[in-house]
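Comments concern the structure below.
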Amino acid sequence: MAGIYLHIPFCASFCTYCGFYSEVCPRQGTHTRYIEALGGEIALRRDYFKGQGVVKTLYFGGGTPSLLSPDEFRTIRDMLAASFDLGAVEEFTVEVNPEDVATCSGLLPALKEAGVNRISMGVQSFCDRHLRWMNRRHCAATAIEAFKKLREADFDNISIDLIFGFAGLEDKQWLDTLKRATGLAPEHISAYQMSIDPESTLAEQAAQGKYAEPDDEICAHQYAMLQEELEKAGYEQYEVSNFCRPGRHSRHNSAYWDRTAYLGLGPAAHSFDGNDLRQWNPSSLEEYCSALEAGNLPKGGEEHLTPDDIYNERIMLGLRTSRGVEKSLITDQGILEKAGERFRIPRDKFFICDSIIEDYLR
Ligand code: SF4
């Protein structure tokens with residue numbers, strides 16, 4: 001089994017908290033140049049899985065894949081299909097921005113036609129004041145309208161992202177966001193605690209004393225509210241930040257956590273051979289395009305994992321999931337609970353999982 005991740009490095013504006021690699025407001029023609037370069041990388045990497053892995057999941061992330069025009073989207077899908085056997089793909093996810101879904105009429109039919117069967121939409125909050133502070137392009141009403149449009153277009157596997165644990169978020173506002181999210185009944189919800197990414201505008205604000213993170217107890221309480229509300233609404237928690245209706249977990253992300261091979265295409269994308277080699281592309285659209293225009297793969301970086309690195313990855317990734325890790329990996333059970341033949345972090349300790357995991361690393 002294998003997966004392909006494809007990075008679309010464009011955003012119409014930058015969100016306050018975000019540190020992902022992306023270019024803001026691309027000039028006219030930038031997509032065309034990028035898509036041609038991407039075609040070059042796809043062709044040069046066509047043997048990446050060397051016949052060992054069947055591609056089961058596709059994931060277009062970013063950046064903002066929904067900024068692509070329907071034609072651009074079709075072109076990329078066709079380039080992938082020309083180099084990889086996509087006949088066994090079970091899950092094809094595309095990240096979308098609510099504003100694009102609400103305003104671009106051709107987008108959803110193009111996604112459907114290309115075989116996209118899962119949508120991940122960045123909602124983040126249902127409070128307009130907080131959305132403005134995050135510099136998101138949409139408001140709460142647009143997110144709800146976009147969700148309805150996705151349903152009308154027959155998408156039956158939708159994930160929405162939410163954010164908690166930022167200064168100014170009161171418990172009652174977080175509860176309101178959780179209730180409105182579950183009210184829409186998406187198949188999947190990812191919820192992340194706001195952190196200060198060093199590449200983000202928020203990091204600048206923090207350095208200037210204009211932003212301070214809330215206390216840990218506040219964040220822990222909001223995390224407990226998240227777990228409680230989603231459980232009440234029938235969602236299973238299958239990872240620290242991920243909740244789903246039964247059977248609707250993200251296959252693509254679950255494969256990352258199981259250390260399955262994946263190929264990452266586009267600037268800043270990471271690849272993993274399923275064994276001990278991790279590679280990444282440079283975080284620069286210019287470097288990426290210039291290399292491929294000269295017929296070469298862009299020079300990023302690579303890391304060969306030692307047996308200890310591999311062990312630590314299995315612990316770090318496995319213990320963040322509700323399945324946990326095989327018993328044989330653990331010598332001292334400590335705070336972990338037994339789940340069949342596996343050990344896992346008790347659900348009420350997920351909030352402090354990072355400090356627990358540290359105790360099990362080599
Ligand atoms: S959160 Fe998404 S839309 Fe916002 S800047 Fe980051 S990649 Fe772009």
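Remember, it's a predicted structure, so these values are computed and weren't measured experimentally. First listed ligand is number 1; within each ligand, the first listed atom is number 1.
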- Mind checking whether F166 and W133 have parallel, tilted or perpendicular rings, split at 30° and 60°? parallel

- F343 ring centre to K338 NZ or CZ under 6.0 Å, with the angle to the axis within 45°? no

- Report the relative orientation of the aromatic rings in F73 and F92; use parallel for angles under 30°, tilted for 30 to 60°, perpendicular for over 60°. parallel

- Indicate the ring-plane relationship of H249 and Y238, choosing parallel, tilted or perpendicular according to the 30° and 60° boundaries. perpendicular

- Query: To the nearest 0.5 Å, how far apart are CG in L297 and OH in Y288?
  - Reply: 8.5 Å

- Numbered atoms and elements of ligand 1 in range of R136, under 4.0 angstrom, heavy atoms: 1 (S), 3 (S), 4 (Fe)

- Task: Identify, by atom number and element, the atoms of ligand 1 in contact range of F14, meaning under 4.0 Å from any of its heavy atoms.
- Result: 5 (S)

- Item | atom 7 (S) of ligand 1: the protein heavy-atom neighbour that sits closest, reported with distance to 0.1 Å | G63 N, 3.2 Å

- Going by the angle between their ring planes, with limits at 30° and 60°, are F10 and Y34 parallel, tilted or perpendicular? perpendicular

- Note on the structure: In this structure, atom 3 (S) of ligand 1 is nearest to the protein heavy atom T64 OG1, 3.6 Å

- Message: Just checking: C11, one of its N/O/S atoms, less than 2.8 Å away from atom 6 (Fe) of ligand 1, yes or no?
- Response: no

- Item | Cation-pi geometry met for R245 and Y235 (6.0 Å, 45°) | yes

- Note on the structure: So the atoms of ligand 1 within less than 4.0 Å of a heavy atom of C18 turn out to be 1 (S), 5 (S), 6 (Fe), 7 (S)

- Message: If the contact criterion is a heavy-atom separation under 4.0 Å, does N97 count as touching ligand 1?
- Response: no

- Nearest heavy atom to atom 4 (Fe) of ligand 1: which of A12, C15, P9, S13 does it belong to? C15

- Message: With a cutoff of 4.0 Å, is G122 in contact with ligand 1, counting heavy atoms of the residue only?
- Response: no

